[in-house]
Amino acid sequence: MAEIILQNIIKRFGDLVAVNDLTLYIKDREFLVLLGPSGCGKTTTLRCISGLEIVDEGKILIDGKDVTTIRASHRDIAFVFQLYALYPILTAYNNIAFPLKAQKYDKEKIREEVNKVAELLQIKHVLHKKPKELSGGDMQKVALGRAIVRRPKAFLLDEPIGTLDAKFREEMRIELKKLCIDIGATTVYVTHDQVEAMSMGDRIAIMNMGVLQQIGTPYEIYTKPENLFIANFIGSPGMNFINCEPSRDSNGKLVLKLLSDNMYISITNKLQNTLLSKIYEDKKLVLGIRPEDVTFSMRKEKNYLDVKVYVIEETGSYNIVDVSLGVEKIKVRTIPTIKPDIGEAAFVGFDMERISIFDKETGNSII
Amino acid sequence: MSSRLKENQGSDMEAHYHSMSDKTLMRLFILPTLVLLISINVFPLFWSLFLSFTKYTAKMTNIWGKNPEMIGIANYARVLTDPEMWVKFITTAKYVIMSVAGEMILGFGFALLLQTKFKGRGFITTLLILPMTMSPVIVGLRWRLFYEPNWGMFNFLLGLGRIDWISDPSRNLYSIVIADVWMWTPFVMLLSLAGLSAVPKYLYEAAEIDRASWWFKFTRITLPMVYPILMLALIFRTIEAFKIFDLPMGITGRGAMAPPLLSMHLYNVSFVTWNTSFGSSIGYIMLIMVLAITLIFVKYLNKAKQ
């Protein structure tokens, strides 16, 4: 088991910069998720760590050892491929035994190790079958078995459950996470599915266009997104964005003026101070707020804004009410019993403790 | 419903108009090919089977020849008991084994080399395929010139002096094997290349991660994955080598100088000494042998595909 350090790595494919100046510190025994939309460089990063791709610039250290130019076979890592990459002519047993056989372990030892792994993954009954006779879930477990049988320093998983169906994916998510805790290995897990990332990762590193956007615990990422991209990418639905700018009310207090409808909302003292200290008084800002931090009401209350109901999305356990706030649309998460008529006038209030403020120009978070 | 009815009526009317249905036209188009096939393929096949149980020559007397005289399995008995014939069987077997083995090893080897990316790979592949695209008779005659003991390039290039590669019976089998390997290695190479390129790259990556050596990857991934297509190449080449005729004919010519290959002998018996019925029986024995070999290979091929 080991820590993995990436220092300013750059990987290019021709003119395309797949990974741009990425620095990442992955702790020993940590479960780190690399998350991002497709083409963001997360898989390339993983392949660079594995040694299947060699970085153009930067350094990679595994367990304190510089492995930047070392071949994959000498890095002592395991890689689980998206399409499993099982050896088609070998049985499940021989697939799992492959890394041990390649290292010329003796037969008794191999049988012992493979059986142990098969028991852990509960695939003893399919060991005699060939990959094409296995279900997707079992193939995935065999691929995992092949990865863990050798007890490598780190596991690298490339969307390992991406091709399974939704229900089964949920089950595998839990099993995978438990397995990684049991083995206690450093794990880097690539996915484009934020639910997977949030539920499994100790920490999440979000990438976009080859650049690391933010790294943090799921809670940090969710509540304190560092820029508009993350705020929009994480959460389903994503964060609401409202264009605004700082302004003064009649008492001279700093408030936010919503540009869409000339409405004002007062903000906490702390936020006022932050804005003042960072000289954001005359900049264009974006107020971000999660749908569940917006309160929906049919009665006007203090600091509530006038809106019109636009559309209602029902999910069963909660409703998402889309309302128009001037020319902008925001999503409000309500309990499932709230079903206003479309076009009806209503009011929304923001939980000001939980808002985010972004600089419109740079997209970066201010608080 | 009504529109379909109309359509049917339309086509009926059309057929009536031209007084010939599509089916009739189709049959008319096929007819010439069918006639040709039956007269020069199917009929000779059964006629020669009949002849192989008779005493008959296609030459002599009048235009229809003498009537075939039934003699039962005497021809076959002669083929299988004549020690001269066994020399021919063994020579043919030697030829098949040597040339096919050479082609398989070299063809697959070249394919492996061509898999690595290097500059001019496409050009070299094209060059290597050239021999296969030539006419076998021309290739034979070309190699005959090449082997010429007095001024041929072969001896000169290898610095061998005046060695007779064409008429020396202890050597000319090998010279035909060399020419055959030269000509047909590209065929095995092409099939192997197709097989190799079909092996998914991620398997090699997985094996790399699993810390497998080059040899381990080769024996556990490459070979098993291309095995079916190699088997196919083996079947094609074995059948072809078994009935090889044009190359030895081009290189050594017929007659006493030619190596005692079955196909050459068949030619000599049937069309030089005109012993048609005996030639037919040799032909049928060859057919049975080719079929048997092919069946065995196909069985392995099917096994490999599973």
Side-chain angles (χ1 to χ4, degrees), chain A residues 43 46-54 70-91 94-105 110 129-133 139 142-160, chain B residues 104 108 111-113 115-122 188 191-235 296-306:
Chain A
T43 296
L46 195 71
R47 289 171 64 86
C48 285
I49 299 175
S50 73
L52 291 174
E53 305 282 354
I54 299 294
I70 290 178
R71 288 178 53 170
S73 52
H74 294 91
R75 291 194 186 185
D76 195 15
I77 39 85
F79 198 107
V80 177
F81 294 82
Q82 188 172 9
L83 296 168
Y84 317 127
L86 297 178
Y87 307 116
I89 57 144
L90 301 179
T91 59
N94 282 323
N95 261 287
I96 298 175
F98 193 95
L100 303 181
K101 281 186 178 166
Q103 292 297 302
K104 301 199 171 62
Y105 277 48
I110 291 176
K129 289 187 181 171
K130 292 213 171 151
K132 67 177 172 194
E133 300 162 338
M139 281 198 331
V142 173
L144 275 172
R146 187 175 64 182
I148 61 179
V149 75
R150 213 182 65 209
R151 299 205 194 90
K153 283 190 186 142
F155 289 126
L156 310 174
L157 298 97
D158 185 9
E159 308 214 15
Chain B
M104 294 298 288
F108 190 53
L112 281 178
L113 287 180
Q115 253 214 316
T116 51
K117 291 202 168 81
F118 58 87
K119 221 179 157 188
R121 182 171 66 151
V188 179
L191 282 187
S192 305
L193 270 178
L196 286 172
S197 64
V199 183
K201 201 171 148 245
Y202 59 72
L203 286 183
Y204 293 110
E205 292 187 338
E208 174 74 15
I209 295 283
D210 289 341
R211 300 196 283 186
S213 62
W214 180 87
W215 179 247
F216 207 76
K217 282 183 216 170
F218 182 72
T219 53
R220 306 295 161 104
I221 299 172
T222 312
L223 267 188
M225 293 293 282
V226 296
Y227 179 71
I229 212 157
L230 281 183
M231 211 59 201
L232 211 62
L234 186 69
I235 292 174
I296 294 168
F297 282 158
V298 167
K299 210 177 127 193
Y300 277 105
L301 179 69
N302 288 336
K303 225 187 227 167
K305 273 189 185 158
Q306 278 163 14

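All values reported here derive from a predicted model rather than from experimental measurement. Naming: A, B, ... by sequence-line order, numbering from 1 per chain.
- Side-chain atoms of A:Lys101 and B:Phe216, non-hydrogen and from C-beta on, do get closer than 4.5 Å to each other.
- Scored by the salt bridge (Lys or Arg N to Asp or Glu O under 4.0 Å) test, B:Lys119 finds no partners at all (sequence neighbours excluded).
- Summarising the local packing, CZ of B:Phe218 is surrounded by more than 12 heavy atoms from other residues, nucleotides or ligands at distances under 6.0 Å.
- Residue contact with chain B, scored on non-hydrogen atoms closer than 4.5 Å, is absent for A:Leu90.
- B:Ile209 CD1 to A:Arg150 CZ: the interatomic distance, rounded to the nearest 0.5 Å, is 7.5 Å.
- Heavy atoms of A:Arg75 lying under 4.5 Å from chain B are absent altogether.
- Between B:Glu208 and A:Ser50 there is no side-chain heavy-atom pair separated by less than 4.5 Å.
- Only the side chain of B:Ile221 comes within contact range of chain A, with at least one heavy atom under 4.5 Å from a heavy atom of that chain.
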Subject >> Intermediate values then yes/no, side chain to side chain contact (heavy atoms under 4.5 Å, CB included), B:Arg220 and A:Tyr87 >> reply: CA-CA 8 Å; B:Arg220 306 295 161 104; A:Tyr87 307 116; over 6 Å; no
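- Just one residue in the list A:Pro152, A:Ser73, A:Pro99 forms a side chain to side chain contact (heavy atoms under 4.5 Å, CB included) with B:Arg211, and that residue is A:Ser73.
- Both the backbone and the side chain of A:Ile77 come within less than 4.5 Å of a heavy atom of chain B.
- Of all non-hydrogen atoms in B:Ala206 and A:Ala85, the two that sit nearest each other are CB-O, 3.9 Å.
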